[in-house]
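Here's the structure we're looking at; comments come further down.
Everything quoted here is computed from the prediction, not taken from an experiment. All residue numbers in this chain count up from 1 along the given sequence.
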Amino acid sequence: MKPRTRVEKTAMTVCAGMMAAVLFFVPACNMPVLSALTGNYVFSVGSEKCSVEEAKVILLQYQKEYSSFYGIDLWEHDSDTSESLEQYIRDMAVSQLAEIYTLYVIAGEREMELTEDEKVQAAAAAAEYMASLAEDELDYIGATESEVEALYEKYLLAHRLYTSLTEDVSSEVSDDEARVMDLKQICVSEEETAEQLLEQLDGGADFSSLAESYNESGTSDLQVSRMTYSDAVTEILFSMNTGEYSEVIGIDDSYYIFYCVDYFNEALTEENKANVVSQRMEAAVTAAYNSYLDSLDSFLNEAVWSEVTVDTELALDGSSFGEVYDSYFESE
């Protein structure tokens with residue numbers, strides 16, 4: 001296997017990290033349980049069926065968002081990189097579509113409907129999107145304008161449900177709940193080494209010097225919030241004051257000692273308040289979403305989905321589905 005360059009690894013890491021944060025409003029809910037489905041559909045949720053054409057619209061969307069980072073075309077690098085990226089895009093596309101369809105079905109059961117003006121906007125968005133695509137992109141997705149219009153309506157109604165589920169979520173966040181700490185860390189693979197380093201710290205050794213010599217992680221400086229680590233680790237870290245260091249903490253297969261540079265980074269804490277509110281909103285939607293999963297029949301047509309691929313030869317010159325959505329409905 002050809003090793004990836006540092007730049008390729010960075011791009012793939014950014015891709016993975018950004019994938020859940022860009023494009024649409026739907027949180028990372030649990031995906032419906034999917035099993036066998038016959039016919040020319042990718043999956044079904046309740047009575048609603050997702051077509052191959054709809055899936056390709058979203059595949060093309062993700063391809064446009066994540067195929068290039070820092071001017072690097074990942075498809076042109078080694079096959080392992082491009083195959084990993086393609087699989088990631090496929091997984092994200094079908095996962096998001098399943099979430100959208102589930103929220104859409106729930107909205108229907110709650111008798112939520114689009115207004116006539118919203119339907120007109122969805123039609124206009126579909127027309128603009130289709131008109132922007134190059135011929136090869138149109139051939140790839142194989143969707144009609146009416147199919148794209150219906151997909152915009154599904155996204156819009158799912159968003160309507162999302163908004164209704166989150167409108168009562170409190171936006172008030174305390175400094176302590178959103179607190180971000182500046183830490184230094186020493187990470188080693190052997191517990192015995194970590195315990196020896198802790199003894200040196202107890203004897204007055206300088207943490208930064210030990211970190212420079214022994215830290216096996218990519219960095220010794222980091223910022224952490226209450227969402228960074230498990231509850232058990234968070235409890236230890238957030239009990240430290242500036243100038244204190246932790247006991248040896250086992251995380252996965254490594255052993256850590258943390259030093260508190262600043263127990264309260266005021267600027268980052270203020271920025272993190274929006275993340276805390278977002279997490280509350282996701283929890284509210286996920287709770288409602290999960291309550292329907294047991295009652296909704298959902299199926300994946302693995303034979304059909306396995307044949308749906310990402311076309312890496314496309315020029316990707318047309319507008320993305322998400323860009324057009326935002327231009328019409330970003331204030332929704």
Side-chain angles (χ1 to χ4, degrees), residues 1-2 4 8 11-13 15-20 22-24 26 28-68 73-105 129 133-144 146-148 150-152 154-155 158 289 293 296-316 318 320-322:
M1 178 184 296
K2 179 182 175 183
R4 294 176 186 158
E8 287 171 338
M12 288 298 291
T13 300
C15 175
M18 290 179 64
M19 191 68 75
V22 178
L23 178 59
F24 296 112
V26 179
C29 306
N30 293 328
M31 188 168 173
V33 177
L34 301 174
S35 55
L37 171 71
T38 58
N40 191 30
Y41 298 96
V42 173
F43 66 81
S44 69
V45 176
S47 61
E48 296 292 329
K49 296 179 181 179
C50 177
S51 68
V52 169
E53 291 77 16
E54 287 176 310
K56 284 188 173 181
V57 169
I58 303 306
L59 277 174
L60 183 60
Q61 162 67 47
Y62 277 122
Q63 186 180 353
K64 289 181 178 181
E65 292 288 344
Y66 303 110
S67 63
S68 179
D73 188 343
L74 295 180
W75 306 110
E76 294 182 357
H77 287 266
D78 66 82
S79 59
D80 292 326
T81 299
S82 60
E83 288 175 5
S84 297
L85 179 57
E86 177 172 356
Q87 187 58 49
Y88 205 100
I89 286 174
R90 283 169 48 79
D91 290 345
M92 289 301 298
V94 74
S95 179
Q96 184 184 92
L97 278 166
E99 292 169 0
I100 288 292
Y101 262 77
T102 302
L103 293 175
Y104 176 73
V105 170
Y129 171 72
L133 297 184
E135 196 65 34
D136 60 349
E137 293 175 317
L138 288 169
D139 290 340
Y140 170 70
I141 64 173
T144 65
S146 62
E147 289 172 323
V148 174
L151 189 57
Y152 275 123
K154 287 183 175 67
Y155 271 80
Y289 182 94
L293 291 186
L296 286 177
D297 291 326
S298 47
F299 306 95
L300 174 68
N301 191 334
E302 296 188 20
V304 170
W305 180 234
S306 66
E307 296 298 318
V308 179
T309 60
V310 175
D311 187 346
T312 61
E313 301 300 319
L314 296 176
L316 305 179
S320 73
F321 182 86

Worksheet entry | Q96 side chain reached by Q61 side chain, heavy atoms, under 4.5 Å | no
Fill in: L60 and K64, any side-chain heavy atoms less than 4.5 Å apart
yes
Worksheet item: Which of these passes ring pair (Phe, Tyr, Trp, His ring centres under 6.0 Å) with Y155: Y101, F321, Y104?
Response: F321
Response to the item:
d(D91 CG, E86 CD) to nearest 0.5 Å is 10.5 Å
Response to the item:
Here the pair of heavy atoms bringing A143 nearest to V57 is CB-CG2, 4.4 Å
Worksheet item: At their closest point, which heavy atom of E54 faces which heavy atom of K49, and how far apart are they?
Response: OE1-O, 3.9 Å
Worksheet entry | Spacing of E302 atom CD and F43 atom CZ [to the nearest 0.5 Å] | 13.5 Å
Practice prompt. Would you name the heavy atoms of E65 and S320 that are closest together and state the gap between them?
Written response: OE2-OG, 4.2 Å
Worksheet item: Partners of Y129 by side-chain hydrogen bond (donor to acceptor under 3.5 Å, both in side chains), sequence neighbours excluded?
Response: none
Worksheet item: What pair of heavy atoms forms the shortest contact from A55 to C50, and how long is it?
Response: N-SG, 4.3 Å
Worksheet item: Between K56 and V52, does a side-chain contact (heavy atoms from CB on, under 4.5 Å) hold up when you go through it step by step?
Response: CA-CA 6 Å; K56 284 188 173 181; V52 169; 4.0 Å; yes
Discussion item. With heavy-atom distances below 4.5 Å as the criterion, would you say the side chains of L151 and L97 are in contact?
Written reply: yes
Item to complete: Measure the shortest side-chain to side-chain distance between I58 and V94 over non-hydrogen atoms and say whether it is less than 4.5 angstrom.
Response: no
Worksheet item: Of all residues at least two apart in sequence or in a different chain, which pass the salt bridge (charged side-chain N to carboxylate O under 4.0 Å, His left out) check with E48?
Response: none
Worksheet item: Rounded to the nearest 0.5 Å, what separation is found between the OG1 atom of T312 and the CD atom of Q63?
Response: 7.0 Å
Item to complete: Not counting sequence neighbours, which residues clear side chain to side chain contact (heavy atoms under 4.5 Å, CB included) with S146? List them please.
Response: T144
Worksheet, complete the sentence: In short, A158 meets L103 closest at the heavy-atom pair CB-CB, 3.8 Å
Practice prompt. Work out which heavy atom in S306 is nearest to a heavy atom in R90; give both atom names and the distance.
Written response: CA-NH2, 4.1 Å
Fill in: Distance, nearest 0.5 Å, that separates CG of L316 from OH of Y140
10.0 Å
Item to complete: Determine whether V310 and Y62 make a side-chain contact, defined as any pair of heavy atoms from C-beta on separated by less than 4.5 Å.
Response: no
Discussion item. Set out, in order, the CA-CA distance, both residues' side-chain angles and the distance that settles side-chain contact (heavy atoms from CB on, under 4.5 Å) for L314 and L133, then state yes or no.
Written reply: CA-CA 11 Å; L314 296 176; L133 297 184; over 6 Å; no
